*Asks:* 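Got a structure for you, questions after.
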Amino acid sequence: MKRLLLLTVGLGLAWTLQDQSQVPVQQDFSPEQVTGHWNTLNLASTDPSVIEEGGAYQCFMTGIALLDNGNLNVTYFHRQDGKCVKEFYVAEKTGIPGRYTFEYQGKNYLTFVAVTEDFTIMDLENQSEGNTLIVIELHGRTLQARKLGLEPYKMHTSRRGIVPGNIVDVSLNRHSVKRMVG
(Lines give C-alpha, C1' and ligand atoms only; values in the text may rest on other atoms or scores of the structure.)
Protein backbone atom coordinates (compact mmCIF):
# COMPACT_ATOMS: atom_id res chain seq x y z
CA MET A 1 0.00 0.00 0.00
CA LYS A 2 2.89 2.37 0.83
CA ARG A 3 4.48 1.64 -2.54
CA LEU A 4 1.25 2.50 -4.32
CA LEU A 5 0.99 5.76 -2.38
CA LEU A 6 4.62 6.64 -3.17
CA LEU A 7 4.10 5.78 -6.82
CA THR A 8 1.00 7.97 -6.96
CA VAL A 9 2.81 10.89 -5.33
CA GLY A 10 5.81 10.40 -7.62
CA LEU A 11 3.67 10.34 -10.76
CA GLY A 12 1.80 13.42 -9.58
CA LEU A 13 5.07 15.27 -9.03
CA ALA A 14 6.39 14.17 -12.41
CA TRP A 15 3.21 15.43 -14.12
CA THR A 16 3.43 18.75 -12.27
CA LEU A 17 7.08 19.21 -13.20
CA GLN A 18 6.40 18.32 -16.83
CA ASP A 19 3.45 20.73 -16.94
CA GLN A 20 5.52 23.58 -15.56
CA SER A 21 8.32 23.01 -18.05
CA GLN A 22 5.97 22.97 -21.03
CA VAL A 23 3.78 25.86 -19.88
CA PRO A 24 5.88 28.72 -18.57
CA VAL A 25 4.01 31.26 -16.46
CA GLN A 26 4.50 34.98 -17.09
CA GLN A 27 7.20 36.14 -14.66
CA ASP A 28 6.02 38.62 -12.02
CA PHE A 29 2.40 37.98 -13.04
CA SER A 30 -0.19 40.22 -11.46
CA PRO A 31 -3.90 39.68 -12.20
CA GLU A 32 -4.37 43.43 -12.63
CA GLN A 33 -2.27 43.14 -15.81
CA VAL A 34 -4.98 41.11 -17.54
CA THR A 35 -8.12 42.88 -16.37
CA GLY A 36 -10.13 44.86 -18.87
CA HIS A 37 -11.22 44.54 -22.48
CA TRP A 38 -9.65 42.00 -24.88
CA ASN A 39 -10.07 40.92 -28.52
CA THR A 40 -9.50 37.28 -29.46
CA LEU A 41 -7.05 37.22 -32.36
CA ASN A 42 -5.84 33.63 -32.80
CA LEU A 43 -6.84 30.19 -31.60
CA ALA A 44 -4.76 27.02 -31.86
CA SER A 45 -5.43 23.50 -30.68
CA THR A 46 -4.14 19.96 -30.68
CA ASP A 47 -7.63 19.09 -32.05
CA PRO A 48 -8.56 21.61 -34.76
CA SER A 49 -12.25 20.62 -34.71
CA VAL A 50 -12.74 22.38 -31.36
CA ILE A 51 -11.71 25.79 -32.78
CA GLU A 52 -13.58 25.55 -36.09
CA GLU A 53 -16.98 27.15 -36.61
CA GLY A 54 -19.31 25.64 -34.03
CA GLY A 55 -16.44 24.00 -32.10
CA ALA A 56 -16.55 23.93 -28.30
CA TYR A 57 -13.53 26.23 -27.99
CA GLN A 58 -14.27 28.63 -30.84
CA CYS A 59 -14.95 31.47 -28.43
CA PHE A 60 -14.24 35.17 -28.37
CA MET A 61 -13.02 36.58 -25.09
CA THR A 62 -14.16 40.14 -24.46
CA GLY A 63 -12.97 40.85 -20.96
CA ILE A 64 -11.48 39.79 -17.66
CA ALA A 65 -12.49 41.14 -14.26
CA LEU A 66 -10.60 40.56 -11.03
CA LEU A 67 -12.86 39.34 -8.23
CA ASP A 68 -12.36 40.28 -4.56
CA ASN A 69 -11.11 36.77 -3.71
CA GLY A 70 -8.37 36.86 -6.39
CA ASN A 71 -10.25 34.73 -8.92
CA LEU A 72 -10.91 35.98 -12.45
CA ASN A 73 -14.30 36.41 -14.11
CA VAL A 74 -13.70 35.79 -17.82
CA THR A 75 -16.35 36.80 -20.39
CA TYR A 76 -16.61 34.90 -23.67
CA PHE A 77 -19.03 34.85 -26.59
CA HIS A 78 -19.58 31.64 -28.53
CA ARG A 79 -22.17 30.14 -30.88
CA GLN A 80 -24.83 27.89 -29.46
CA ASP A 81 -27.71 26.66 -31.62
CA GLY A 82 -26.84 29.27 -34.26
CA LYS A 83 -26.95 32.16 -31.80
CA CYS A 84 -24.20 34.16 -30.15
CA VAL A 85 -24.26 33.47 -26.40
CA LYS A 86 -22.47 35.37 -23.65
CA GLU A 87 -20.83 33.13 -21.03
CA PHE A 88 -18.94 33.88 -17.82
CA TYR A 89 -16.32 31.54 -16.41
CA VAL A 90 -14.75 31.95 -13.01
CA ALA A 91 -11.08 31.03 -13.17
CA GLU A 92 -10.00 30.03 -9.68
CA LYS A 93 -6.52 31.02 -8.59
CA THR A 94 -4.02 28.34 -7.69
CA GLY A 95 -0.85 28.49 -5.62
CA ILE A 96 1.04 29.63 -8.73
CA PRO A 97 0.52 33.28 -9.80
CA GLY A 98 -0.69 33.29 -13.41
CA ARG A 99 -2.20 29.79 -13.26
CA TYR A 100 -5.93 29.21 -12.75
CA THR A 101 -8.47 26.39 -13.04
CA PHE A 102 -12.08 26.30 -14.20
CA GLU A 103 -14.69 23.77 -15.25
CA TYR A 104 -15.76 23.59 -18.89
CA GLN A 105 -16.20 20.21 -20.53
CA GLY A 106 -13.87 18.85 -17.85
CA LYS A 107 -11.19 20.51 -15.79
CA ASN A 108 -9.23 23.30 -17.46
CA TYR A 109 -5.85 24.64 -16.43
CA LEU A 110 -5.43 28.24 -17.60
CA THR A 111 -1.92 29.67 -17.69
CA PHE A 112 -0.97 33.21 -18.68
CA VAL A 113 2.17 32.49 -20.69
CA ALA A 114 2.86 36.06 -21.84
CA VAL A 115 1.29 39.33 -20.76
CA THR A 116 2.16 42.76 -22.14
CA GLU A 117 0.28 46.04 -22.37
CA ASP A 118 -0.83 45.02 -25.87
CA PHE A 119 -1.39 41.26 -25.89
CA THR A 120 -1.69 38.13 -23.78
CA ILE A 121 -1.10 34.47 -24.59
CA MET A 122 -3.28 32.04 -22.66
CA ASP A 123 -2.63 28.30 -22.52
CA LEU A 124 -5.67 26.14 -21.75
CA GLU A 125 -5.18 22.47 -20.98
CA ASN A 126 -8.42 20.52 -20.70
CA GLN A 127 -8.48 17.19 -18.85
CA SER A 128 -11.62 15.16 -19.47
CA GLU A 129 -12.19 11.41 -19.18
CA GLY A 130 -8.46 10.68 -19.37
CA ASN A 131 -7.96 12.80 -22.50
CA THR A 132 -5.92 15.97 -22.82
CA LEU A 133 -6.81 18.86 -25.14
CA ILE A 134 -4.62 21.92 -25.52
CA VAL A 135 -5.98 25.25 -26.74
CA ILE A 136 -3.75 28.32 -27.03
CA GLU A 137 -5.35 31.76 -27.33
CA LEU A 138 -3.83 35.07 -28.45
CA HIS A 139 -5.73 38.15 -27.27
CA GLY A 140 -4.99 41.81 -27.90
CA ARG A 141 -6.17 45.09 -26.48
CA THR A 142 -6.62 46.14 -30.12
CA LEU A 143 -6.82 44.16 -33.35
CA GLN A 144 -3.40 45.54 -34.34
CA ALA A 145 -1.79 43.80 -31.34
CA ARG A 146 -1.72 40.59 -33.40
CA LYS A 147 1.44 41.82 -35.14
CA LEU A 148 3.22 42.17 -31.79
CA GLY A 149 2.07 38.89 -30.26
CA LEU A 150 2.13 36.53 -33.23
CA GLU A 151 5.79 35.47 -33.04
CA PRO A 152 5.78 34.59 -29.30
CA TYR A 153 2.39 32.93 -29.85
CA LYS A 154 3.76 30.71 -32.63
CA MET A 155 6.78 29.81 -30.47
CA HIS A 156 4.49 28.71 -27.64
CA THR A 157 2.15 26.71 -29.89
CA SER A 158 5.20 24.92 -31.29
CA ARG A 159 6.44 24.20 -27.73
CA ARG A 160 3.07 22.61 -27.00
CA GLY A 161 3.18 20.44 -30.13
CA ILE A 162 0.58 22.33 -32.15
CA VAL A 163 1.33 22.37 -35.87
CA PRO A 164 0.96 25.63 -37.86
CA GLY A 165 -2.06 24.22 -39.71
CA ASN A 166 -3.94 24.08 -36.40
CA ILE A 167 -3.65 27.86 -35.84
CA VAL A 168 -6.65 29.95 -36.87
CA ASP A 169 -6.78 33.74 -37.26
CA VAL A 170 -10.19 34.63 -35.81
CA SER A 171 -9.64 38.40 -35.63
CA LEU A 172 -11.82 38.98 -38.70
CA ASN A 173 -14.66 36.96 -37.13
CA ARG A 174 -14.92 39.53 -34.33
CA HIS A 175 -16.87 41.83 -36.63
CA SER A 176 -19.62 39.24 -37.03
CA VAL A 177 -19.63 38.66 -33.26
CA LYS A 178 -20.12 42.40 -32.65
CA ARG A 179 -23.07 42.45 -35.08
CA MET A 180 -24.73 39.52 -33.30
CA VAL A 181 -24.45 41.01 -29.81
CA GLY A 182 -25.32 44.56 -30.84
Side-chain angles (χ1 to χ4, degrees), residues 1-47 50-51 56-57 59-76 78 86-141 145 148-149 152-162:
M1 186 57 105
K2 284 183 182 179
R3 286 184 184 171
L4 181 60
L5 180 61
L6 284 173
L7 179 62
T8 303
V9 170
L11 289 174
L13 284 173
W15 183 84
T16 301
L17 291 173
Q18 177 189 17
D19 180 54
Q20 289 176 352
S21 68
Q22 287 187 346
V23 187
V25 179
Q26 171 69 40
Q27 287 187 340
D28 301 322
F29 176 84
S30 169
E32 290 82 7
Q33 295 171 297
V34 296
T35 60
H37 176 77
W38 290 100
N39 300 292
T40 301
L41 306 172
N42 282 79
L43 297 172
S45 180
T46 51
D47 176 0
V50 302
I51 58 172
Y57 282 83
C59 302
F60 299 91
M61 185 174 76
T62 59
I64 298 176
L66 178 60
L67 302 176
D68 290 339
N69 61 3
N71 293 339
L72 300 176
N73 186 355
V74 184
T75 305
Y76 279 96
H78 68 96
K86 187 177 192 177
E87 297 275 349
F88 300 95
Y89 298 97
V90 175
E92 297 177 9
K93 66 181 180 175
T94 66
I96 301 170
R99 188 162 289 154
Y100 297 81
T101 62
F102 66 96
E103 293 294 323
Y104 174 72
Q105 297 193 355
K107 185 159 189 137
N108 287 270
Y109 300 89
L110 163 62
T111 304
F112 287 93
V113 175
V115 179
T116 73
E117 292 179 10
D118 300 304
F119 69 88
T120 186
I121 298 170
M122 295 167 49
D123 182 294
L124 298 166
E125 184 171 310
N126 173 276
Q127 300 286 325
S128 178
E129 299 177 8
N131 296 314
T132 300
L133 171 71
I134 299 169
V135 177
I136 313 294
E137 302 176 358
L138 173 62
H139 303 284
R141 297 284 186 189
L148 299 170
Y153 178 77
K154 286 182 177 179
M155 286 175 51
H156 183 67
T157 58
S158 175
R159 177 187 304 127
R160 294 292 270 157
I162 298 174

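These numbers come from a predicted model, not from an experiment.
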*Asks:* Can you measure from OG1 (Thr40) to CE (Met122) and round to the nearest 0.5 angstrom?
*Replies:*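 Those atoms lie 8.0 Å apart.
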*Asks:* I want to check something: taking the side chain as every heavy atom from C-beta on, are Pro97 and Val25 in contact at a cut-off of under 4.5 Å?
*Replies:*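 The answer is no; the side chains never approach within 4.5 Å.
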*Asks:* Give, for atom CD of Glu103 and atom CD of Glu92, the distance between the pair rounded to the nearest 0.5 Å.
*Replies:*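 Between Glu103 CD and Glu92 CD, I get 8.0 Å after rounding to 0.5 Å.
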*Asks:* Hey, is the main chain of Phe119 close enough, under 3.5 Å, to the side chain of Thr116 for a donor-acceptor pair?
*Replies:* yes
*Asks:* Does Thr101 use its side chain to pair, donor to acceptor, with the backbone of Asn108 at less than 3.5 Å?
*Replies:*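 Side chain of Thr101 to backbone of Asn108: no pair is present.
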*Asks:* Are any side-chain N or O atoms of Thr111 and backbone N or O atoms of Val113, one a donor and one an acceptor, separated by less than 3.5 Å?
*Replies:* no
*Asks:* Closer than 3.5 angstrom, by distance alone: can the side chain of His37 be matched with the main-chain N or O of Thr62 as a donor-acceptor pair?
*Replies:* yes
*Asks:* Looking at Gly149 and Pro152, what are the two nearest heavy atoms and their distance?
*Replies:* O-CD, 3.3 Å
*Asks:* Any non-hydrogen side-chain atom of Leu72 less than 4.5 Å from a side-chain atom of Leu66?
*Replies:*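 They are in contact (side-chain heavy atoms under 4.5 Å apart), so the answer is yes.
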*Asks:* Could you check Thr94 against Tyr109 for side-chain contact (heavy atoms from CB on, under 4.5 Å), going step by step and ending with a plain yes or no?
*Replies:* CA-CA 10 Å; Thr94 66; Tyr109 300 89; over 6 Å; no
*Asks:* Can you list everything that forms a ring pair (Phe, Tyr, Trp, His ring centres under 6.0 Å) with Tyr104? Sequence neighbours excluded, please.
*Replies:*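 Ring pair (Phe, Tyr, Trp, His ring centres under 6.0 Å) check on Tyr104 returns Tyr57, Tyr89.
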*Asks:* To the nearest 0.5 Å, what is the distance between CD1 on Ile121 and NE2 on His156?
*Replies:*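 One finds 7.5 Å between CD1 of Ile121 and NE2 of His156.
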*Asks:* Could you check whether any side-chain N or O of Asn126 sits under 3.5 Å from a backbone N or O of Gln105, counting only pairs where one atom can act as donor and the other as acceptor?
*Replies:*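 Side chain of Asn126 to backbone of Gln105: a pair is present.
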*Asks:* Tell me if the CG atom of Asn69 is crowded by more than 12 foreign heavy atoms within 6.0 Å.
*Replies:*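 Counting other residues, nucleotides and ligands, CG of Asn69 exceeds 12 neighbours.
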*Asks:* Show the nearest heavy-atom pair for residues Ala145 and Asp118, with the distance to one decimal.
*Replies:* CB-O, 3.2 Å
*Asks:* With a 6.0 Å cut-off (strictly less than), is the heavy-atom count around CD of Glu32, excluding the residue itself, greater than 12?
*Replies:* yes
*Asks:* Are Glu137 and Tyr76 packed together at the side-chain level, in the sense that at least one heavy-atom pair is separated by less than 4.5 angstrom?
*Replies:*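 Touching, per the 4.5 Å side-chain cut-off.
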*Asks:* Nearest 0.5 angstrom please: Arg141 CZ to Leu41 CG, how far?
*Replies:*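 The CG atom of Leu41 is 12.0 Å from CZ of Arg141, to the nearest 0.5 Å.
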*Asks:* Once you round to the nearest 0.5 Å, how far does CD1 of Ile64 lie from OG1 of Thr35?
*Replies:* 8.0 Å
*Asks:* Using modelled atom types and a 3.5 Å cut-off, is there a donor and acceptor pairing between side-chain atoms of Thr120 and backbone atoms of Ala114?
*Replies:*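 Confirmed, Thr120 side chain pairs with Ala114 backbone.
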*Asks:* Locate the shortest heavy-atom distance separating Gly106 from Ser128; write the atom from each residue and the value.
*Replies:*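 So the two residues come closest at CA-CB, 4.1 Å.
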*Asks:* What closest approach, in Å, do Ala44 and Ile51 show between heavy atoms, and which atom pair accounts for it?
*Replies:*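 So the two residues come closest at CA-CD1, 3.8 Å.
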*Asks:* What is the distance from atom CG of Leu124 to atom OH of Tyr100, rounded to the nearest 0.5 Å?
*Replies:* 13.5 Å
*Asks:* So, Arg159 side chain and Val23 main chain: donor-acceptor pair closer than 3.5 Å or not?
*Replies:*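 Answer holds: no.
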